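Keep in mind it's a predicted model, so treat the numbers as computed, not measured. Counting convention: from 1, in listed order, for ligands and their atoms alike.
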Amino acid sequence: MGSQRQLKILLLFDLSVPIPREEYDQYLKTDDWRNEAHVMKVLRGLGHEVELLGIHDDIEVLFSTVRENRPDLVFNLSEAFNKDRKFEPHIASVLELLQLPYTGAGPEALRICKDKGLTKKILSYHRVQVPKFVVARKSHPLRSLRGFTFPAFIKPLCLEASEGIAQLSFADNEKDTLERVRFINERLEVDAIVEEYIDGRELYVGVMGNERLTAFPPRELFFRQVPEGEPKFATFKAKWNDEYRKKWGINSGSAGPLDSALSEKITETSKKIYRLLQLKGYGRIDLRLRPNGDVVFIEANPNPSIATDDDFPKSAEKAGVPYPELLTKMINLAGV
Ligand SMILES: Nc1ncnc2c1ncn2[C@@H]1O[C@H](COP(=O)(O)OP(=O)(O)O)[C@@H](O)[C@H]1O
Ligand SMILES: [Mg+2]
């Protein structure tokens with residue numbers, strides 16, 4: 001099923017500064033553009049006609065490009081507008097209004113998943129296990145945390161890619177927790193969320209589909225050199241600094257042993273989360289597995305990174321779906 005024909009594809013992504021199209025080639029060689037470079041190369045290899053368009057803060061460029069040469073499909077790798085991730089859902093909304101098929105999540109999921117409080121409210125209503133949490137608005141600073149079970153994990157309510165997550169995000173008392181909340185509210189100038197710290201293995205589950213869903217075998221984030229008994233979590237440094245990762249043995253790979261009942265529970269929980277948060281196309285569900293077998297939701301990522309060595313494509317590969325086939329599935333799920 002689905003389309004094997006040659007398509008006119010507009011590969012859409014965001015630019016943190018304006019860059020003229022003539023200069024794309026040199027940027028495609030950089031690490032920052034890995035996603036775009038890998039997707040472009042493989043789509044062209046599949047015989048599609050691929051045009052690249054980066055948007056900084058001018059949406060008119062999208063309109064004119066579509067007017068001049070209407071694509072059959074937009075491969076949507078955009079995550080921001082004018083450097084601000086809060087606009088991510090609006091780009092998908094514009095694609096809806098232009099009546100263009102596009103890959104990945106729609107505006108609904110992009111909006112819901114951006115708010116780490118809202119996702120947990122929806123999921124806990126449907127009996128998915130989530131960390132207990134308190135939202136701390138910038139406009140309404142949190143004064144106390146009476147009754148909260150420590151340790152706590154404090155993070156920005158709506159940021160991504162581990163922004164604002166450091167060693168001090170873990171706090172085992174009220175004073176340190178409130179201090180970190182203040183840092184996020186006042187220094188980063190954003191809302192914060194205080195969550196119950198979930199001790200356990202960290203698992204990433206790639207899910208694909210619209211109605212009928214497939215979950216790929218879990219990936220796991222390992223912390224091989226972090227001493228036993230120390231809290232383990234993915235800080236900004238752990239995500240972006242290769243040397244730091246090497247030092248602490250932090251990297252992801254195929255998940256370690258999970259018994260079959262647990263595997264089944266992880267798969268079913270991930271699919272349930274994907275549905276409840278209205279994801280489409282493809283997404284990655286991040287979970288923590290408590291030593292007692294509880295599967296606890298941490299975060300849902302619509303349109304996760306899909307450079308060839310990222311967790312989502314790696315988990316697909318493990319399930320026997322090579323990268324070109326994975327991209328073809330994404331295209332087919334967009335309805336072309
Ligand atoms: N409640 C929690 N308990 C334990 N660790 C957490 C919790 N929330 C987040 N983490 C750790 O912090 C990392 C980043 O948090 P996440 O919510 O995924 O934010 P981001 O959107 O920045 O990736 C997670 O991968 C995990 O290691
Ligand atoms: Mg995350």
Would you mind listing which atoms of ligand 1 come within a distance below 4.0 Å of any non-hydrogen atom of F233?
11 (C), 27 (O)
For L159, the atoms of ligand 1 under 4.0 Å from one of its heavy atoms are 21 (O)
Classify the ring geometry of F13 against W33: parallel below 30°, tilted from 30° to 60°, perpendicular beyond 60°.
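Correct class here is perpendicular.
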Are [X] and [Y] close enough that a side-chain donor and a side-chain acceptor fall under 3.5 Å?
X    : Y    : answer
D84  : N82  : no
D32  : T30  : no
E36  : Y24  : no
D311 : S252 : yes
D286 : N301 : yes
R21  : T65  : yes

Which heavy atom of the protein is the closest neighbour of [atom], given with residue, atom name and distance?
atom                    : value
atom 14 (C) of ligand 1 : I165 CD1, 3.4 Å
atom 23 (O) of ligand 1 : E299 OE1, 3.3 Å
atom 26 (C) of ligand 1 : E202 OE1, 3.0 Å
atom 17 (O) of ligand 1 : K155 NZ, 2.5 Å
atom 22 (O) of ligand 1 : S162 N, 2.5 Å
atom 1 (N) of ligand 1  : E195 OE1, 2.8 Å
atom 3 (N) of ligand 1  : I198 N, 2.9 Å
atom 19 (O) of ligand 1 : K116 NZ, 3.0 Å

Give yes or no for whether the N/O distance cutoff of 3.5 Å, strictly under, is met between [X] and ligand 1.
X    : answer
K232 : no
A234 : yes
D286 : no
F153 : no
Y197 : no

Given side chains that start at C-beta, do those of R290 and V295 come closer than 4.5 Å, heavy atoms only?
no
Is the shortest heavy-atom distance from the side chain of Y282 to the side chain of I306 under 4.5 Å?
yes
Please determine whether any non-hydrogen atom of E196 lies less than 4.0 Å from an atom of ligand 1.
yes
To the nearest 0.5 Å, tell me how far E317 CD sits from S254 OG.
9.0 Å
Rounded to the nearest 0.5 Å, how far apart are OG of S169 and CZ of F233?
6.0 Å
So is R187 actually on top of F183's ring, under 6.0 Å and inside 45° of the axis?
no
Charged tip of R284 within 45° of Y204 ring normal and under 6.0 Å
yes
For the Mg ion (ligand 2), report each protein N, O or S atom nearer than 2.8 Å, sorted by chain and then by residue number.
E299 OE1
Is there a path of hydrophobic side-chain contacts, each under 4.5 Å between heavy atoms of I, L, V, M, F, W or Y residues, that connects L157 with V181?
no
Side chain, backbone, both or neither: A161 near ligand 1, heavy atoms under 4.0 Å:
backbone
